[in-house]
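For reference, the structure is listed below as structure tokens.
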Protein chains: 4
Amino acid sequence: MPKKTFFRLSEAKRSLIERSAITVINEQGYDSATIKDIVNTAGIPRGSFYQYFNGLSDLFIHLIQIIAKRKFSYMGHLFEQLEKHPFLEMFRELTRAGLMFAKDDKEAYLFGYHLYHSQSEEVLALRARLEDEGIAMMESYLMNDANKDWLKEGTDIRMLAKMLYDFNARDLVYQFYRGDPIELMIKRTDAFINILREGVKKEASNE
Amino acid sequence: MPKKTFFRLSEAKRSLIERSAITVINEQGYDSATIKDIVNTAGIPRGSFYQYFNGLSDLFIHLIQIIAKRKFSYMGHLFEQLEKHPFLEMFRELTRAGLMFAKDDKEAYLFGYHLYHSQSEEVLALRARLEDEGIAMMESYLMNDANKDWLKEGTDIRMLAKMLYDFNARDLVYQFYRGDPIELMIKRTDAFINILREGVKKEASNE
Amino acid sequence: MPKKTFFRLSEAKRSLIERSAITVINEQGYDSATIKDIVNTAGIPRGSFYQYFNGLSDLFIHLIQIIAKRKFSYMGHLFEQLEKHPFLEMFRELTRAGLMFAKDDKEAYLFGYHLYHSQSEEVLALRARLEDEGIAMMESYLMNDANKDWLKEGTDIRMLAKMLYDFNARDLVYQFYRGDPIELMIKRTDAFINILREGVKKEASNE
Amino acid sequence: MPKKTFFRLSEAKRSLIERSAITVINEQGYDSATIKDIVNTAGIPRGSFYQYFNGLSDLFIHLIQIIAKRKFSYMGHLFEQLEKHPFLEMFRELTRAGLMFAKDDKEAYLFGYHLYHSQSEEVLALRARLEDEGIAMMESYLMNDANKDWLKEGTDIRMLAKMLYDFNARDLVYQFYRGDPIELMIKRTDAFINILREGVKKEASNE
DNA sequence: CATGAATGAGTCTTCATTCAT
DNA sequence: AATGAATGAAGACTCATTCAT
């Protein structure tokens with residue numbers, strides 16, 4: 001957690017530092033990014049960095065959290081209707097909301113990529129925690145589906161939740177990182193959902 | 001590519017260096033592993049490293065390739081029957097063969113993890129190439145399924161191939177990395193295949 | 001010398017700062033203690049420190065002095081009888097009085113340790129001054145002994161005074177610093193005095 | 001312990017580094033000496049230092065040890081006769097031998113000073129070890145005295161050994177550090193020994 | 001080819017001290 | 001007087017890479 005000093009800064013300065021760090025880490029990757037580059041980019045003195053943060057991972061975790069919050073805010077309006085429809089349909093909407101966020105703030109959306117590409121203890125722990133929370137949330141909605149008899153019996157709900165979570169938090173982010181256009185990502189999402197919903201096996205038909 | 005010198009070494013020494021590098025990189029991650037640690041672990045002089053390789057990525061790519069070859073050899077016997085059965089069934093077998101490899105050579109199997117966690121240009125390129133090849137191969141087998149009318153019409157074959165490839169090359173490796181037991185991984189694989197095959201949507205039943 | 005500002009503070013605040021500094025310096029040693037740690041421990045703002053003191057040595061010297069005064073107050077009652085008995089006997093009492101102080105205020109007693117472990121100019125000067133004063137005082141009492149014919153002729157009084165001073169101000173403090181129990185320290189003091197008084201050479205006996 | 005690399009250097013270079021470190025530490029004190037100053041003084045690159053040592057304390061401990069050995073070599077010839085005379089007499093000779101060393105290599109002799117003025121864990125541990133060894137050695141010779149009935153009954157041998165050890169390893173070194181002339185130190189040593197031997201209490205005389 | 005010492009650029013991190021409010 | 005942010009100098013330590021033997 002950043003030190004108190006950081007939160008006492010003006011919104012402008014805080015934001016400047018955050019954006020600088022996001023830019024630098026997006027360019028070099030978390031494990032290669034240096035504090036030096038971040039302070040240079042932000043134009044603040046080296047020592048100040050340590051008045052604000054305990055180290056790079058401190059800042060990184062802070063960024064992941066505020067970005068998650070921001071991204072989440074794009075989805076807020078969907079939550080009230082979430083239980084009224086099969087979750088796979090809502091997942092499509094949630095995903096699109098996420099991609100709206102990507103459109104509005106490319107750098108921030110991209111930043112999630114690094115959650116999957118650091119070996120640092122803290123980052124791994126954070127990733128695990130976020131994953132657990134995200135998957136648990138999805139599981140609970142899928143349980144709702146099951147209760148409403150919208151899900152095939154025998155479906156491994158946890159596995160399904162995991163697949164959905166990963167697709168959204170990892171695969172899509174990676175596609176964006178690679179530069180795939182959002183339209184293509186939307187199409188792929190539909191194909192993905194379709195496979196999950198319908199399955200791929202041709203039914204023994206009675207034709 | 002390693003220099004000629006490397007391939008002129010005795011098999012024993014070559015293997016010693018390879019295994020040392022695998023151990024070090026597995027412990028620290030590719031981006032944090034240092035040449036220093038590798039030569040120390042192998043007990044060879046620092047200068048020798050540069051007589052064998054052009055740098056760390058050179059060695060890394062070499063390792064990925066020999067390991068891929070080794071892993072592949074566990075699956076060879078399956079290829080002749082591959083077109084005779086629906087690919088999802090064969091995928092199960094391929095996966096299990098891969099896990100046999102994991103049992104025999106944990107470190108090598110684990111090593112694939114790092115293919116997904118480096119930001120170095122060369123590694124990213126290698127990863128993309130391997131992915132393309134792997135997915136293309138799976139696609140061709142899935143096309144065979146389609147031709148035999150084993151696949152539901154409208155199935156996005158490329159997406160399906162991608163999902164299968166990722167599950168095998170990335171998700172399972174990650175589970176192993178986390179320390180999940182192989183039995184659990186096998187169960188998960190079955191659940192995964194089941195979802196893909198059957199889908200999760202409850203058919204409107206005529207009860 | 002602390003600035004006037006410091007002495008205008010409330011007794012409570014002054015004492016808080018003093019105790020914090022003693023704690024920090026006892027833990028880290030004078031040469032490694034930082035102003036940062038002291039203000040953090042005391043919970044006062046960094047800038048305030050410079051309103052009270054000119055630097056760390058300023059505070060350190062102040063602490064040595066108030067502690068010396070406090071320790072001295074434990075011995076006051078002995079001074080009136082000091083000339084009535086051989087000084088070595090009184091030395092035993094003075095030492096015990098010092099150890100009572102140690103019991104009552106461990107941290108303060110311990111603090112003297114640092115007088116012997118700093119290389120800073122000011123501290124070395126202070127140490128020399130205190131030593132001169134202390135030894136001179138002891139010398140004067142030993143002269144009294146000599147006058148009363150309680151001391152063997154030829155005894156090097158200055159050397160004796162120095163030995164006594166060091167034992168009390170340095171050796172005992174160091175033992176306490178190491179964690180030796182006070183009872184042991186008392187026993188050692190007696191052994192020390194005994195050696196000084198009687199000598200260690202076996203008299204040519206007329207057996 | 002220095003790394004192997006250090007011992008593979010030419011005697012000249014090794015000695016250059018050792019003397020540079022001794023000079024720097026004597027000037028600034030161990031806790032304030034910096035590696036930067038040492039490498040500058042020696043004229044070697046910064047990185048080399050870390051090829052030779054694991055850190056400053058590593059070098060420091062090495063220096064203490066080689067100096068102790070050198071100092072010891074000045075006393076070697078005394079050891080054969082050590083048991084034939086009362087130890088206090090031999091102590092005078094040992095001390096003088098030490099002072100010969102001081103004359104020949106002022107910087108090295110002085111260096112012992114720092115053993116008593118660092119708070120670093122390693123140095124404290126080394127100091128304790130050396131002290132234990134030195135005191136134990138003296139104790140054994142004093143036991144010899146006791147067996148030969150040269151020592152007054154009831155003498156606390158451990159305390160006496162401690163006093164002798166400290167006087168030689170600490171007090172004399174400190175006097176030298178302060179710049180006292182060797183002749184004065186010799187006189188003081190005699191006075192010190194005299195007090196210990198004869199005691200200071202005037203015997204109840206039967207005059 | 002083997003060896004391992006030399007080199008110095010590059011980072012992190014800590015703090016004393018100042019200064020504006 | 002109190003406060004605490006700003007600043008940058010300073011030092012530790014790590015390593016990739018080169019080079020002489």
Side-chain angles (χ1 to χ4, degrees), chain A residues 3-10 13-14 32-40 43-58, chain B residues 3-6 8-10 13 32-40 43-58, chain C residues 3-6 8-10 13 28 32-40 43-58, chain D residues 3-10 13-14 28 31-40 43-59:
Chain A
K3 301 182 181 176
K4 271 181 289 180
T5 319
F6 180 64
F7 296 108
R8 286 200 208 98
L9 294 178
S10 71
K13 186 158 188 184
R14 221 162 50 227
S32 305
T34 67
I35 288 171
K36 186 184 160 240
D37 285 334
I38 292 172
V39 298
N40 283 351
I44 60 168
R46 214 172 249 257
S48 292
F49 186 91
Y50 291 92
Q51 295 234 348
Y52 307 147
F53 310 103
N54 292 304
L56 190 51
S57 70
D58 192 13
Chain B
K3 300 181 181 177
K4 276 179 290 182
T5 338
F6 180 64
R8 287 202 206 97
L9 294 177
S10 73
K13 185 158 188 183
S32 303
T34 66
I35 290 173
K36 185 183 162 243
D37 284 334
I38 291 171
V39 299
N40 283 351
I44 61 167
R46 232 160 218 264
S48 294
F49 188 92
Y50 290 91
Q51 302 218 305
Y52 307 148
F53 310 103
N54 293 305
L56 190 52
S57 69
D58 191 11
Chain C
K3 300 182 181 176
K4 275 178 291 182
T5 336
F6 180 64
R8 286 203 207 97
L9 294 177
S10 73
K13 186 159 188 184
Q28 324 196 352
S32 304
T34 66
I35 290 173
K36 185 183 162 245
D37 284 334
I38 292 172
V39 298
N40 282 352
I44 61 168
R46 233 160 216 262
S48 293
F49 187 92
Y50 291 91
Q51 302 218 303
Y52 307 147
F53 310 103
N54 293 304
L56 189 52
S57 68
D58 191 13
Chain D
K3 301 181 182 177
K4 271 182 291 182
T5 319
F6 180 65
F7 295 108
R8 287 200 207 97
L9 294 178
S10 71
K13 186 159 189 183
R14 220 163 51 229
Q28 323 195 353
D31 286 348
S32 304
T34 66
I35 289 171
K36 186 183 160 242
D37 285 334
I38 292 172
V39 298
N40 283 350
I44 61 168
R46 215 173 248 254
S48 292
F49 186 91
Y50 291 93
Q51 294 233 347
Y52 307 146
F53 310 103
N54 293 305
L56 190 51
S57 70
D58 191 13
L59 170 51

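Letters go in sequence order (proteins before strands), and every chain restarts at 1.
Side-chain proximity of Thr34(A) to dT11(E), dT17(F), dA12(F): nearest is dT11(E).
The side chain to side chain donor-acceptor pair (under 3.5 Å) check on Asn54(D) picks up Asp58(D), with sequence neighbours excluded. Residues meeting the ring pair (Phe, Tyr, Trp, His ring centres under 6.0 Å) test with Tyr50(D), sequence neighbours left out: none. Residues meeting the side chain to side chain donor-acceptor pair (under 3.5 Å) test with Thr5(B), sequence neighbours left out: none. Every side chain to side chain donor-acceptor pair (under 3.5 Å) that Thr34(A) has, sequence neighbours left out, goes to Asp37(A).
Atom NZ of Lys3(C) and atom C1' of dA1(F) are 12 Å apart (whole Å). A straight line from CG of Leu56(A) to P of dC12(E) spans 8 Å, rounded to a whole angstrom. In this structure, the CZ atom of Phe53(A) is 14 Å from the P atom of dC12(E), given to the nearest Å. The interatomic distance linking Asn40(A) (CG) with dG10(E) (P) rounds to 13 Å, in whole Å.
Nearest heavy-atom pair across Tyr52(A) and Lys13(A) is OH-NZ, 3.6 Å. When every heavy atom of Val39(D) is checked against every heavy atom of Lys36(D), the shortest pair comes out as CG2-O, 3.1 Å. Across Lys3(B) and Gln51(B), no two heavy atoms sit closer than the pair CD-O, 3.5 Å.
DNA chain E forms stems at E:2-21 with F:2-21, each a run of 3 or more consecutive Watson-Crick or G-U wobble pairs whose two key distances fall under 3.5 Å.
Toward the 5′ end of DNA chain F lies the nearest nucleotide of Lys36(D), the other residue of the pair Ile35(B) and Lys36(D) mapping further downstream.
Distances shorter than 4.0 Å separate none of the side-chain N or O atoms of Tyr50(D) from OP1 or OP2 on dT14(F).
Residues Ile35(C) and Phe53(C) fail the side-chain proximity criterion, which asks for heavy atoms closer than 4.5 Å.
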Between the protein and nucleotides 3-6 of chain E, list every N/O to N/O distance that falls short of 3.5 Å.
residue: dG4(E); atom: N7; partner: Gly47(B); partner atom: N; Å: 3.2
residue: dA5(E); atom: OP1; partner: Arg8(D); partner atom: NH1; Å: 2.5
residue: dA5(E); atom: OP2; partner: Thr5(D); partner atom: OG1; Å: 2.8
residue: dA5(E); atom: OP2; partner: Arg8(D); partner atom: NH1; Å: 3.3
residue: dA6(E); atom: OP1; partner: Lys13(D); partner atom: NZ; Å: 2.7
residue: dA6(E); atom: OP2; partner: Tyr52(D); partner atom: OH; Å: 2.4
residue: dA6(E); atom: N7; partner: Gln51(D); partner atom: NE2; Å: 3.2

